[in-house]
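Heads up, the thing below is written out as structure tokens.
Letters go in sequence order (proteins before strands), and every chain restarts at 1. Please read these numbers as outputs of a predicted model, since none were measured by experiment.
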There are 2 protein chains.
Amino acid sequence: MSKIQHRNLYREVADRIRELIEHGELPPGERISEKQLCETFGVSRTPLREALKVLASEGLVELLPNRGARVMQLTVKMVKDTYDLMGALEGLSGELACQQISDEGIVAICQLHEQMLEHYRNREMQPYFAVNRQIHESILAAANNEVLEEMYNNLSYRVKRVRYSKKMTDAFWRQAVNDHEMMIVALKARDGKRLGQILRDHLCHKLEVVTLAGVIEDDELINAANG
Amino acid sequence: MSKIQHRNLYREVADRIRELIEHGELPPGERISEKQLCETFGVSRTPLREALKVLASEGLVELLPNRGARVMQLTVKMVKDTYDLMGALEGLSGELACQQISDEGIVAICQLHEQMLEHYRNREMQPYFAVNRQIHESILAAANNEVLEEMYNNLSYRVKRVRYSKKMTDAFWRQAVNDHEMMIVALKARDGKRLGQILRDHLCHKLEVVTLAGVIEDDELINAANG
DNA sequence: AAAAGGTATTATGAATTCATAATTCCGGCA
DNA sequence: TGCCGGAATTATGAATTCATAATACCTTTT
């Protein structure tokens, strides 16, 4: 017996468009044709337009009155602002996690940390990032704050595309691992203030913005392109 | 010549519903009748439904599949989580503001601070809150981070209703003013870390949650009411 | 009288239709 | 040839219509 999934159409559509944007199939600044997307998804314009409005409120899409929608064009400043924000949220997640996490939770994160170190020693970049990500997600989950999680995920989605283009120099990498060592110490001691501070300043974010400078166009260029 | 405002209908409607929720004309948990709201606003269901979906993604409204919408019912935990988050965002705003604000901006905030102190000495509660709010808004604006501002405003909207029911004991009030004194010192010194820390820990938020315990129903009660 | 079942009504979800703004295309004109 | 203006086309915004799920109401049965 197959499970009848009664999810709303507009959610389905919004999810699909999010994916298209994330994977660059809808490039930033691209004008979104309602008709074309309707045909692609095989739905009418009503749920599609609902989805677009939701995506606009999520900051993934830009609605131009009477002129349709376009994929949000990120500027360097917007990416920087978003990363600053994500840093603050990660800081909070660390602070809260220290209060809320179970001893088993700490052990689990320590194990992930050891895995990550192993990948670092072997210079296995992709596995390293995967485990790194798991650690941050574990801390976020341990914070036990759904509003925080929702906001973080939203921000994460906005800049997901640009993450793919980050570069990791060896010096930055070592510094990142060093940050993580300190994080583990603070977590074991359940020192929320300390873990929060480390996470806020964790260089991952700043790093990526720096290397992005050449990738994403500048404010001026964007404005010129819009005119 | 009258200005022809060609704002989209769904935005207009969303704004109106936000107000209705804020002022309690649509009480939390209340089932929202599409037909009734359509008649109230004089629009068709299409823009209304678009507005509801946007409000749902903002966390103000809850959509039940095939069963319409209801005003989001806040639990104590949700309010606490939201305030924790707002504290973190205020902290970031302080940190950034110290880097970005002009000398004139600092002077302006100091003047607001003096006004606030005057209201405190005279125990003028409403004017005190008004100026207090202006100070926090000024710092947020000085941070020059639109993503941060947008997110803070969203969170603020979610808990706006409950703010009306806060109570200020004298001890808390004195502590709040004391926090503000320290904030001004940090701001003048452009000590971002310090200002951020003060703002994150600024008791306003925690205070309100404590006094709210009796006002907002508990998780269990909410769940029971939903079933 | 209370419970169960079935029909009628109502409300929601989505497609379609209608109105209007934006864009394109084409011809006239300098 | 290049530019301006208006008709034709297309796309968007919103209302209406249609299909279906949820709810209310009423009958029937025990």
Side-chain angles (χ1 to χ4, degrees), chain A residues 1-18 20-21 26-58 60-73 224-227, chain B residues 1-18 20-21 26-27 29-58 60-73 225-227:
Chain A
M1 187 165 130
S2 76
K3 187 171 160 192
I4 299 169
Q5 191 84 8
H6 256 304
R7 291 189 60 207
N8 288 339
L9 218 38
Y10 88 98
R11 279 178 176 281
E12 216 89 52
V13 171
D15 291 347
R16 293 282 298 276
I17 298 177
R18 261 188 228 102
L20 290 180
I21 293 176
L26 283 174
E30 171 113 334
R31 176 96 176 265
I32 296 174
S33 161
E34 290 184 6
K35 210 176 93 181
Q36 191 181 323
L37 276 188
C38 284
E39 286 167 5
T40 307
F41 298 143
V43 300
S44 79
R45 280 174 58 218
T46 306
L48 181 89
R49 287 168 59 78
E50 290 170 349
L52 286 178
K53 274 153 183 89
V54 169
L55 292 171
S57 100
E58 290 174 7
L60 289 176
V61 153
E62 194 178 4
L63 294 180
L64 315 166
N66 283 317
R67 306 169 97 248
R70 61 171 55 176
V71 179
M72 181 64 82
Q73 176 78 276
N226 284 346
Chain B
M1 188 164 128
S2 76
K3 184 174 164 190
I4 299 169
Q5 191 83 8
H6 257 303
R7 289 188 62 204
N8 289 340
L9 218 38
Y10 88 98
R11 278 178 176 281
E12 214 90 50
V13 171
D15 291 347
R16 293 283 297 275
I17 298 177
R18 259 189 230 101
L20 290 180
I21 293 177
L26 283 175
E30 171 113 334
R31 176 97 176 262
I32 296 174
S33 162
E34 291 184 4
K35 209 177 95 181
Q36 192 182 323
L37 276 188
C38 284
E39 286 165 7
T40 306
F41 299 144
V43 300
S44 79
R45 281 175 58 220
T46 308
L48 182 89
R49 289 167 58 77
E50 289 170 350
L52 285 177
K53 273 152 184 93
V54 169
L55 292 171
S57 98
E58 289 175 8
L60 291 176
V61 153
E62 194 177 4
L63 295 180
L64 314 167
N66 282 319
R67 304 169 99 247
R70 62 169 55 175
V71 179
M72 181 64 82
Q73 178 77 276
N226 284 347

Run the salt bridge (Lys or Arg N to Asp or Glu O under 4.0 Å) test on B:Glu30 and B:Arg70 for me, step by step, so that the C-alpha distance in whole Å, both residues' side-chain angles and the decisive distance to 0.1 Å come before the verdict.
CA-CA 5 Å; B:Glu30 171 113 334; B:Arg70 62 169 55 175; over 6 Å; no
[atom1] of [X] versus [atom2] of [N]: gap in Å, rounded?
X	N	atom1	atom2	result
B:Lys53	D:dA14	NZ	C1'	15 Å
A:Leu48	D:dA14	CG	P	15 Å
A:Glu12	C:dA14	CD	C1'	14 Å
A:Leu9	C:dA14	CG	P	5 Å
A:Arg70	C:dA22	CZ	P	15 Å
A:Glu50	D:dA14	CD	P	13 Å

With side chains defined as the heavy atoms from C-beta onward, is the minimum distance between [X] and [Y] less than 4.5 Å?
X	Y	result
A:Leu48	A:Leu9	no
A:Leu37	A:Leu20	yes
A:Val43	A:Val13	yes

With respect to the phosphate group of C:dA14, does any side-chain polar atom (N or O) of A:Thr46 fall under 4.0 Å of OP1 or OP2?
no
Atom pairs, protein N/O to nucleotides 8-12 of chain C N/O, distance under 3.5 Å:
none

Considering all heavy atoms, the nearest A:Gln73-A:Gly29 contact:
NE2-CA, 4.1 Å
By side-chain contact (heavy atoms from CB on, under 4.5 Å) - contacts of B:Ala69 (at least two apart):
B:Ile32, B:Leu52, B:Val61, B:Leu63
